[in-house]
K.L.:
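Just dropping this structure here.
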Amino acid sequence: MKDYDVIIVGAGPAGLMASVVAGGAGLRVLLVERKKDVPKVTRSCCSMWIVEPMTHGECISVGHSRVVFRLNDFCVEDKGERIPLRQNVKFSPGGKKLIFANECDPVAIAFDKEELLRGLLGQAEALGVKIVAGTNCVDVIDEDDGVSVKLNDPDGETIERGSYLIIADGVNSHLGNRLGINKDRAVFGTMQVLSYFFEQVECPYPDAFLSFVGTGHLGGGLGSIYIMPKPGMIEGKEHVYEVMIGSPAEDATSLSDKMEYFTEQGSFAEWFKGARHIHTNSAVLEFRTPLTTPAQGRTLVAGDAAAFIETYVQGALIYGRSAAQAVVGRIQEGSDFSGYVDHWKTTFGYNQPGEIEKATNAYGINLFSDSELDYFFSFTDNEKHKGYTNEFNDYERIKKAMYRHMDTIRKEKPELAERLEGYLNFEVSSIEESLQLTDTKDSK
Ligand SMILES: Cc1cc2nc3c(=O)[nH]c(=O)nc-3n(C[C@H](O)[C@H](O)[C@H](O)COP(=O)(O)OP(=O)(O)OC[C@H]3O[C@@H](n4cnc5c(N)ncnc54)[C@H](O)[C@@H]3O)c2cc1C
């Protein structure tokens, strides 16, 4: 008999959720995590609940101290502080705006990811899950009669054995590579991310998700900048803001130079005059096509480890739960893993036709010069459009907002209009219903 029914590698949202479900079903579970302090968030993450309905086939409700996954029929405790974000504001290099907002719904809800992970960790501990933190899993072996993991901690190397394995080691999943499960995934490139946390920022948008498009914000380098308030960072004082820069790894200008330019010389440097930089996070992400079948032998892959870009925290919870349910079903009822595989295939956003193409082409916005972006955004500067914050629909929304002004652009700048039309090559039949909550120009 093996020591564990299931070994789970990675204690992010996917691995922790899988541990809670497997532990709750009475399985003997080993959870391995590289970080010493499991809930500590050391990697850049905007940490927003994405509340747009049908994200990954789910409509979440963010309640007082829990988040309800209505269609998957489960909930998680989330007792941390939250900040509902009322607007999604995009700025051109010259500071012109494009604003998305809803009448009632926030565009997203910033939450305290550490508090969420702490809650899940407490539940896993209470259920008797054996947790080894500060331990790196360096190899995994999937055999006919079980799985083995090779673990490295400061005291040396050990081997643990189990009946099943769930790999939840995040977006760059090295363990998936070890098993050869990633060999057919196409690689699109590598993105690097740098986040600085600041206090005492004079930000006029305390409850918004802000993004800055165009090279002018970055002193000429490639990439995008995002700013959002961080709940749970300090008690009783003003917000802490995370300023995050993401850019292709091959860009010659360093992320720290871009950050310095944005906060010290860019159009928004004024906000940072009295600000104090208190913390830094970072991330490196390899963009790969998602796994088509996140199961092989006795191993399941869950969360970002199986995904293109990311599953979001909510997706990691959904698929971590689903993977653990599949292992429980196999052990207790002899079922196969097809339910998990089907769930992944039919609900994960980037498994749906055209979504990866849309995401990769979305960066077409970078085909326009800074002055062209200023020109486009001058049309929307005083408008508000309906919409959430969600990478699946953000660029479609920008396109729709631009499309509305095509007639004027055609008259004023025919060459630019032609290029813009190439970029706007999408179905616009439902355009009117998604447009214009209010026109702030008229209400001034
Ligand atoms: C810049 C950025 C912004 C984001 N913004 C949002 C957002 O606003 N909202 C949202 O919902 N999501 C956001 N995400 C995505 C979100 O962070 C992930 O989708 C989510 O954390 C995935 O959970 P996971 O458990 O699959 O992986 P992870 O959270 O990456 O967890 C993987 C865990 O495995 C551990 N690990 C890795 N390798 C090993 C090993 N060999 N041995 C032991 N342990 C190992 C890691 O230390 C880590 O704890 C963002 C991501 C990025 C990069």
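Both ligands and their constituent atoms are indexed starting at 1 by order of listing. Keep in mind the model is a prediction, meaning the values are calculated, not measured.
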K.L.:
What verdict does the side chain to side chain contact (heavy atoms under 4.5 Å, CB included) test give for Val243 and Ile225, after you've listed the backbone C-alpha separation in whole Å, the side-chain angles of each residue and the deciding distance to 0.1 Å?
P.N.:
CA-CA 7 Å; Val243 179; Ile225 302 187; 4.0 Å; yes

K.L.:
Sort out for me which residue in Tyr205, Tyr226, Tyr261, Phe262 forms a ring-ring contact (aromatic ring centres under 6.0 Å, His included) with Phe212.
P.N.:
Phe262

K.L.:
I'd like to know if Arg43 contacts ligand 1, where contact means a heavy-atom distance under 4.0 Å to any ligand atom.
P.N.:
yes

K.L.:
Scan side-chain atoms only and decide if Asn281 and Ser44 contain a donor-acceptor pair under the 3.5 Å cut-off.
P.N.:
no

K.L.:
If you count the atoms of ligand 1 from 1 in the order shown, which ones are under 4.0 Å from a heavy atom of Gly303?
P.N.:
26 (O)

K.L.:
At under 4.0 Å between heavy atoms, is it the side chain or the backbone of Leu285 that contacts ligand 1, or both, or neither?
P.N.:
side chain

K.L.:
Below 4.0 angstrom from a heavy atom of Gly170, which ligand 1 atoms are there? Numbered from 1 as shown, please.
P.N.:
27 (O), 30 (O), 32 (C)

K.L.:
For atom 45 (C) of ligand 1, what is the closest protein heavy atom, and at what distance to 0.1 Å?
P.N.:
Arg34 CB, 3.8 Å

K.L.:
Between ligand 1 and Cys137, is the shortest N or O to N or O distance under 3.5 Å?
P.N.:
yes

K.L.:
Around atom NZ of Lys35, are there more than 12 heavy atoms from other residues, nucleotides or ligands closer than 6.0 Å?
P.N.:
yes

K.L.:
Give the contacting part of Ser195 toward ligand 1: side chain, backbone, both or neither, where contact means a heavy-atom distance below 4.0 Å.
P.N.:
neither

K.L.:
Can you confirm, on distance only, whether ligand 1 has an N/O atom lying under 3.5 Å from any N/O atom belonging to Val9?
P.N.:
no

K.L.:
Would you mind checking if Glu77 and Arg66 are paired as a salt bridge, meaning a charged N to carboxylate O distance below 4.0 Å?
P.N.:
no

K.L.:
Of all the heavy atoms in Lys113, does at least one lie under 4.0 Å from an atom in ligand 1?
P.N.:
yes

K.L.:
Is the shortest distance from a Lys or Arg side-chain nitrogen in Asp394 or Arg397 to a carboxylate oxygen in the other one below 4.0 Å?
P.N.:
yes

K.L.:
Please work out whether any backbone atom (N, CA, C, O) or any side-chain heavy atom from C-beta onward of Cys46 is under 4.0 Å from ligand 1, and answer side chain, backbone, both or neither.
P.N.:
both

K.L.:
Does an N or O from Val313, backbone or side chain, lie closer than 3.5 Å to an N or O of ligand 1?
P.N.:
yes

K.L.:
For ligand 1, is any non-hydrogen atom under 4.0 Å from Ala168's backbone (N, CA, C, O), its side chain (CB onward), both, or neither?
P.N.:
backbone

K.L.:
Is any NZ, NE, NH1 or NH2 atom of the basic residue among Lys258 and Asp251 found under 4.0 Å from an Asp or Glu carboxylate oxygen of the other?
P.N.:
yes

K.L.:
What is the nearest protein non-hydrogen atom to atom 29 (O) of ligand 1, stated with its residue, atom name and distance?
P.N.:
Pro13 CD, 3.4 Å

K.L.:
Among all protein heavy atoms, pick the one closest to atom 49 (O) of ligand 1 and tell me residue, atom and distance.
P.N.:
Glu33 OE1, 2.8 Å

K.L.:
Is there a polar contact between ligand 1 and Asn136, counting only N or O atoms under 3.5 Å apart?
P.N.:
yes

K.L.:
Between the side chains of Asp5 and Arg28, is the shortest nitrogen-to-carboxylate-oxygen separation below 4.0 Å, so that they form an ion pair?
P.N.:
yes

K.L.:
If you measure every N/O of Ala14 against every N/O of ligand 1, is any gap under 3.5 Å?
P.N.:
yes

K.L.:
Does CZ belonging to Arg178 count more than 12 external heavy atoms closer than 6.0 Å?
P.N.:
no

K.L.:
Please identify which atoms of ligand 1 are closer than 4.0 Å to at least one heavy atom of Lys35.
P.N.:
49 (O)

K.L.:
For atom 38 (N) of ligand 1, which candidate among Asn152, Asp169, Val140, Val41 provides the closest heavy atom?
P.N.:
Asp169

K.L.:
Does ligand 1 have any atom that is closer than 4.0 Å to a heavy atom of Thr135?
P.N.:
yes

K.L.:
Can you name the atoms of ligand 1, numbered from 1 with element, that are less than 4.0 Å from a heavy atom of Met244?
P.N.:
1 (C)

K.L.:
What protein heavy atom sits nearest atom 31 (O) of ligand 1, and how far off is it?
P.N.:
Gly12 CA, 3.4 Å

K.L.:
To which protein heavy atom is atom 16 (C) of ligand 1 closest, and what is the distance rounded to 0.1 Å?
P.N.:
Cys45 SG, 3.9 Å

K.L.:
Before signing off on this row, confirm whether Met48 and ligand 1 have an N or O atom pair separated by under 3.5 Å.
P.N.:
yes

K.L.:
Note the single closest protein heavy atom to atom 19 (O) of ligand 1, along with its residue, its atom name and the distance in Å.
P.N.:
Asp304 OD1, 2.9 Å

K.L.:
What protein heavy atom sits nearest atom 51 (C) of ligand 1, and how far away is it?
P.N.:
Glu310 OE1, 3.2 Å

K.L.:
Taking only Lys NZ, Arg NE, NH1 and NH2, and the carboxylate oxygens of Asp or Glu, determine whether Lys400 and Glu396 approach each other closer than 4.0 Å.
P.N.:
no

K.L.:
Below 3.5 angstrom, do we get any N/O pair linking Val171 and ligand 1?
P.N.:
no

K.L.:
Please identify which of these residues, Phe348, Phe287, Phe392, meets the ring-ring contact (aromatic ring centres under 6.0 Å, His included) condition with Phe308.
P.N.:
Phe287

K.L.:
Should the pair Arg161-Asp3 be classified as a salt bridge under the 4.0 Å nitrogen-to-oxygen rule?
P.N.:
no

K.L.:
Might you work through the side chain to side chain contact (heavy atoms under 4.5 Å, CB included) test for Thr190 and Glu250, ending with a clear yes or no?
P.N.:
CA-CA 8 Å; Thr190 304; Glu250 65 273 13; 5.9 Å; no

K.L.:
Answer yes or no for Arg276 and Phe198: cation-pi contact, defined as NZ/CZ to six-membered ring centre under 6.0 Å and angle to ring axis within 45°.
P.N.:
no

K.L.:
Has Glu202 got more than 12 heavy atoms of other residues, nucleotides or ligands less than 6.0 Å from its CD?
P.N.:
no

K.L.:
Which of the atoms of ligand 1 are close to Thr311, meaning less than 4.0 Å from one of its heavy atoms?
P.N.:
19 (O)

K.L.:
How far is atom 53 (C) of ligand 1 from its nearest protein heavy atom, and which residue and atom name does that atom have?
P.N.:
Ser44 O, 3.5 Å

K.L.:
Main chain of Tyr312, side chain of Glu310: is a donor-acceptor contact present, judged purely on distance under 3.5 Å?
P.N.:
no

